[in-house]
Amino acid sequence: MNGLRIILASQSPRRKQLLEWAEITFDIMVQSTAETFPADMPVPEVPVHIAREKAIAVRQKYESLHDTNNIIIAADTVVVLGTTIIGKPKDREDAIEILSRLSGNKHQVITGVVLLKGQQEIAFADITDVWFHPLTREQIAFYVDKYQPYDKAGAYAIQEWIGVVGIKSIQGDFYNVMGLPVSRVVTELNKLVTNQGK
Ligand SMILES: Cc1cn([C@H]2C[C@H](O)[C@@H](COP(=O)(O)OP(=O)(O)OP(=O)(O)O)O2)c(=O)[nH]c1=O
C-alpha cells in the first residue's frame, strides 16, 4: 500500500485469513497482553481498550514500528449477553454453560479495532446482533466436543457447524463476528494511506 507496511498485531488465524481475503499485504507481529479492563468501563468501550493494548504492546516491542511508514492493526472480539461480557470458555463445562445461555437468545458480538500510524490513531467498535435457534443439550455437547471452541469468544465460531445450523439470523457484518470487520478496516486503512506524511 503506497510504500506503507501493514502489521497485523494478532495471532488469530481468522483475522489473518480475513485480511488475506481483502487482498491486503501484511506481516504479523505479536506481543501478548493482559487483556484486562477497568471494572466500571462501559461494555462497548472494552474491546477497543483491549485492542489498543495489543497494538501498543507490539509498537513498544518493535522499535522500528514507531515511524509513520508502518500501520499497526489490532482487534479484540467480545460476546455480550444483556450487559455481561462473555469471553473465551475456561473449560468444557464453561463452554456448555455459555452456549446454553446463548441458545434461543439474541446477543451482540463487538469487535474493537485500533489502527496506529506514528502518532495517529483510528479506533472504532463494530457491533453485530446474533440470534441463536434454541439448541438441544446434545447439539451443544456435540459441538463443544468436536470443535473444541476454547479459543473463541462466546464458545462458538459462526463459520463452523454451529453457525451453519444453530444461527437463525444476524444483523450487521458477518466478518465482524469472525473477528474483524474487514470492510470498515479497509475503509479506515485507505484514510490513513490518503493522509500519508501527516
Ligand atoms: C464469536 C466468534 C469469535 N471468533 C474468534 C475471533 C477471535 O479470534 C476470538 C476472540 O478472541 P480475541 O481475544 O479477540 O482474539 P485472539 O486471542 O484469537 O487473537 P489476538 O488477541 O492475538 O488478536 O474468537 C470466531 O472465530 N468466530 C466467532 O463466531
Side-chain angles (χ1 to χ4, degrees), residues 6-21 24 26-37 43-62 71-81 84-90 94-95 98-99 101-103 105-116 123-133 135 140 143-144 146-182 184-185:
I6 294 171
I7 311 295
L8 177 64
S10 173
Q11 51 81 45
S12 160
R14 278 83 48 178
R15 297 200 173 108
K16 175 174 181 279
Q17 181 163 68
L18 290 172
L19 269 193
E20 285 170 356
W21 283 349
I24 304 281
F26 61 96
D27 294 316
I28 293 178
M29 294 170 122
V30 219
Q31 170 67 21
S32 65
T33 57
E35 300 202 17
T36 52
F37 55 90
V43 166
E45 292 175 24
V46 168
V48 172
H49 172 84
I50 297 174
R52 184 176 290 115
E53 283 193 339
K54 293 179 185 179
I56 289 172
V58 165
R59 186 170 63 182
Q60 277 170 353
K61 185 175 177 186
Y62 301 97
I71 299 176
I72 302 171
I73 304 173
D76 189 73
T77 301
V78 296
V79 164
V80 181
L81 185 64
T84 307
I85 292 183
I86 298 175
K88 297 173 188 177
K90 287 192 286 292
D94 194 28
I98 290 170
L99 289 173
R101 286 163 67 199
L102 298 182
S103 169
N105 284 318
K106 170 197 163 182
H107 65 271
Q108 290 188 316
V109 179
I110 310 180
T111 298
V113 179
V114 168
L115 290 84
L116 297 180
F124 64 90
D126 196 85
I127 301 179
T128 305
D129 291 326
V130 179
W131 284 262
F132 261 101
H133 287 298
L135 304 168
I140 291 172
Y143 175 69
V144 170
K146 178 156 186 185
Y147 289 87
Q148 307 272 314
Y150 302 111
D151 61 339
K152 311 284 186 338
Y156 78 93
I158 195 167
Q159 66 274 24
E160 293 175 347
W161 173 82
I162 199 162
V164 176
V165 305
I167 289 178
K168 191 171 161 200
S169 63
I170 70 167
Q171 188 172 344
D173 185 346
F174 176 90
Y175 301 109
N176 184 50
V177 184
M178 265 184 78
L180 197 68
V182 197
R184 176 87 189 267
V185 168

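The first residue of the sequence shown is numbered 1, and numbering continues consecutively from there. Both counts, for ligands and for their atoms, begin at 1 and track the order of listing. Heavy atoms only: backbone and side chains are in, while hydrogens, waters and symmetry mates are out. Predicted model only: the values in this text are computed from it and were never measured.
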Heteroatom proximity flag, K152 to ligand 1, N/O under 3.5 Å: no
Atoms in ligand 1 flagged as close to E35, the criterion being non-hydrogen separation under 4.0 Å: 13 (O), 21 (O)
Numbering the atoms of ligand 1 from 1, which are under 4.0 Å from a heavy atom of Y156? 1 (C), 2 (C), 3 (C), 27 (N), 28 (C), 29 (O)
Could you check atom 3 (C) of ligand 1 against the protein and tell me its nearest heavy-atom contact, residue, atom and distance included? V177 O, 3.5 Å
Nearest non-hydrogen protein atom, atom 9 (C) of ligand 1: D151 O, 3.6 Å
Atom 27 (N) of ligand 1: which protein heavy atom is closest, and how many Å away? Q159 OE1, 3.1 Å
Quick check for you: to the nearest 0.5 Å, what is the distance between D76 atom CG and L180 atom CG? 11.5 Å
Checking side chain to side chain donor-acceptor pair (under 3.5 Å) between T77 and each of R15, K88, K152, which is the one that passes? R15
Residue portion contacting ligand 1 (non-hydrogen atoms closer than 4.0 Å) for V78: neither
Tell me whether K54 contacts the main-chain N or O of T33 through its side chain, where contact means a donor paired with an acceptor under 3.5 Å. no
closest protein heavy atom to atom 6 (C) of ligand 1 is M178 O, 3.4 Å
Among all protein heavy atoms in this structure, tell me which lies nearest to atom 22 (O) of ligand 1, with the distance rounded to 0.1 Å. Q11 N, 2.8 Å
Name the option, out of K16, R15, K54, R14, that contains the heavy atom nearest to atom 21 (O) of ligand 1. K54
Going by the closest heavy atom to atom 1 (C) of ligand 1, which one wins out of G154, G163, A153, S12? A153
Would you mind running through ligand 1 and noting each atom that sits below 4.0 Å from a heavy atom of A157? 27 (N), 28 (C), 29 (O)
What protein heavy atom sits nearest atom 29 (O) of ligand 1, and how far away is it? I158 N, 2.7 Å
Considering only protein heavy atoms, which is closest to atom 17 (O) of ligand 1, and at what distance to one decimal place? K88 NZ, 2.5 Å
Okay, side chain of N176, backbone of D126: is any donor-acceptor separation there less than 3.5 Å? yes
One should read off an interatomic distance between S12 OG and D151 CG, to the nearest 0.5 angstrom, of 8.0 Å
Check: V130 and Y156 side chains under 4.5 Å, non-hydrogen atoms: yes
Can you pull out the closest protein heavy atom to atom 13 (O) of ligand 1? Residue, atom name and distance to 0.1 Å, please. D76 OD1, 3.1 Å
d(K106 NZ, Q108 CD) to nearest 0.5 Å is 5.5 Å
Can E160 be said to touch ligand 1, with heavy atoms closer than 4.0 Å? no
How many angstroms lie between atom CG of L18 and atom CG of L8, to the nearest 0.5 angstrom? 10.0 Å
Consider side chain to side chain contact (heavy atoms under 4.5 Å, CB included). Of I110, V109, T111, V80, which one does I127 pass it with? I110
Hey, can you pull the donor-acceptor pairs under 3.5 Å for the side chains in residues 158-173, sequence neighbours left out?
residue: E160; atom: OE1; partner: Y143; partner atom: OH; Å: 2.5
residue: D173; atom: OD1; partner: Y175; partner atom: N; Å: 2.8

